[in-house]
Novice: 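This is the structure, below, for whatever I ask next.
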Amino acid sequence: MDGEINGEELRALLDEDEARVVDIRSPNAFERGHIPGSENVPFPSLVDEVERFEDDERVVTVCPKGKSSVQAARLIASYEGFDGRVDSFAPGLTGWEGALESSDGGTQSANEGPEAPF
């Protein structure tokens, strides 16, 4: 793992299409709301799917509070076929200040109360 990044850094990477953003939550949580442009690879599946990232130059892992994503970033970084940079999104989705996409095509704030997608 190379490090942790904040919301401003992640937004810049997304704006420039310079990172693959991997949300490691369950599929149901991901469907309820996720950072636009991210993809879902649930943490339990990551070991079996880590080779998907071997050609990526930059990967950012995301979880609800920024703790599990550190472990996911370490797993990707340890894969011998991966030579890129991998970071964890430090604040997690609770610290994302932008809108979230849902699988039904809608958007919502990351902090919308009891229905928040964490």
Side-chain angles (χ1 to χ4, degrees):
M1 183 177 101
D2 292 294
E4 295 183 285
I5 63 172
N6 63 33
E8 187 176 299
E9 292 167 308
L10 179 55
R11 186 171 305 282
L13 290 171
L14 289 169
D15 287 347
E16 298 298 322
D17 196 27
E18 292 183 0
R20 184 172 187 174
V21 180
V22 179
D23 187 319
I24 63 166
R25 296 175 301 143
S26 72
N28 286 338
F30 182 80
E31 289 174 12
R32 285 193 302 271
H34 53 270
I35 294 172
S38 64
E39 64 182 278
N40 186 223
V41 180
F43 191 74
S45 304
L46 198 56
V47 170
D48 295 328
E49 298 188 38
V50 71
E51 71 277 353
R52 291 171 52 178
F53 309 108
E54 67 184 4
D55 294 328
D56 293 320
E57 292 182 26
R58 184 94 186 248
V59 175
V60 177
T61 56
V62 177
C63 71
K65 296 184 180 183
K67 303 299 180 204
S68 298
S69 60
V70 169
Q71 298 301 322
R74 287 182 180 150
L75 177 72
I76 294 169
S78 70
Y79 178 62
E80 66 182 51
F82 181 77
D83 293 323
R85 179 181 174 95
V86 62
D87 295 294
S88 170
F89 180 50
L93 281 175
T94 57
W96 178 248
E97 295 181 5
L100 297 174
E101 284 182 334
S102 62
S103 292
D104 64 7
T107 60
Q108 63 186 15
S109 166
N111 300 310
E112 284 191 349
E115 296 299 317
F118 314 113

Novice: Taking C-beta and beyond as the side chain, do L93 and D23 meet within less than 4.5 Å on heavy atoms?
Specialist: yes

Novice: Could you list the donor-acceptor pairs under 3.5 angstrom formed between side-chain atoms of residues 67-76 and any protein atom two or more places apart in sequence or on another chain?
Specialist:
residue, atom, partner, partner atom, Å
S69, OG, S88, OG, 2.6

Novice: Looking only at non-hydrogen atoms, find the nearest pair between D87 and R85 and report the distance.
Specialist: OD2-NE, 2.9 Å

Novice: Considering residues, nucleotides and ligands other than E57, do more than 12 of their heavy atoms fall under 6.0 Å from its CD?
Specialist: no

Novice: Which heavy-atom pair separates P36 from L100 by the least distance, and what is that distance?
Specialist: CD-CA, 4.4 Å

Novice: Regarding R52 and E39, does a basic nitrogen lie under 4.0 Å from an acidic carboxylate oxygen?
Specialist: yes

Novice: Can you check side-chain contact (heavy atoms from CB on, under 4.5 Å) on F53 and V86, steps first, answer last?
Specialist: CA-CA 10 Å; F53 309 108; V86 62; over 6 Å; no

Novice: Considering only heavy atoms from C-beta outward, does the side chain of L10 approach that of I35 to under 4.5 Å?
Specialist: yes

Novice: Find out whether F82 and V59 are in side-chain contact, i.e. whether some heavy atom of one side chain is under 4.5 Å from a heavy atom of the other.
Specialist: yes

Novice: Please name the pair of heavy atoms, one in G84 and one in D2, separated by the smallest distance, quoted to 0.1 Å.
Specialist: O-OD2, 3.9 Å

Novice: May I ask whether V22 and V50 are part of the same hydrophobic cluster, defined by side-chain heavy atoms of I, L, V, M, F, W, Y residues being less than 4.5 angstrom apart, directly or through others?
Specialist: yes

Novice: Any heavy-atom pair between the side chains of I5 and L13 that's under 4.5 Å?
Specialist: yes

Novice: Go through the structure and list residues passing salt bridge (Lys or Arg N to Asp or Glu O under 4.0 Å) with R11, not counting sequence neighbours.
Specialist: none

Novice: Is there a side-chain contact between F30 and S38 (heavy atoms, below 4.5 Å)?
Specialist: yes

Novice: Is there a side-chain contact (heavy atoms from CB on, under 4.5 Å) between R25 and R32? Walk through the geometry before answering.
Specialist: CA-CA 11 Å; R25 296 175 301 143; R32 285 193 302 271; 5.9 Å; no

Novice: For the CD atom of E18 and the CD atom of E9, what is their distance to the nearest 0.5 Å?
Specialist: 12.5 Å

Novice: Using the rule that two of Ile, Leu, Val, Met, Phe, Trp, Tyr join whenever any of their side-chain heavy atoms come within less than 4.5 Å, decide whether V62 and M1 are in one cluster.
Specialist: no

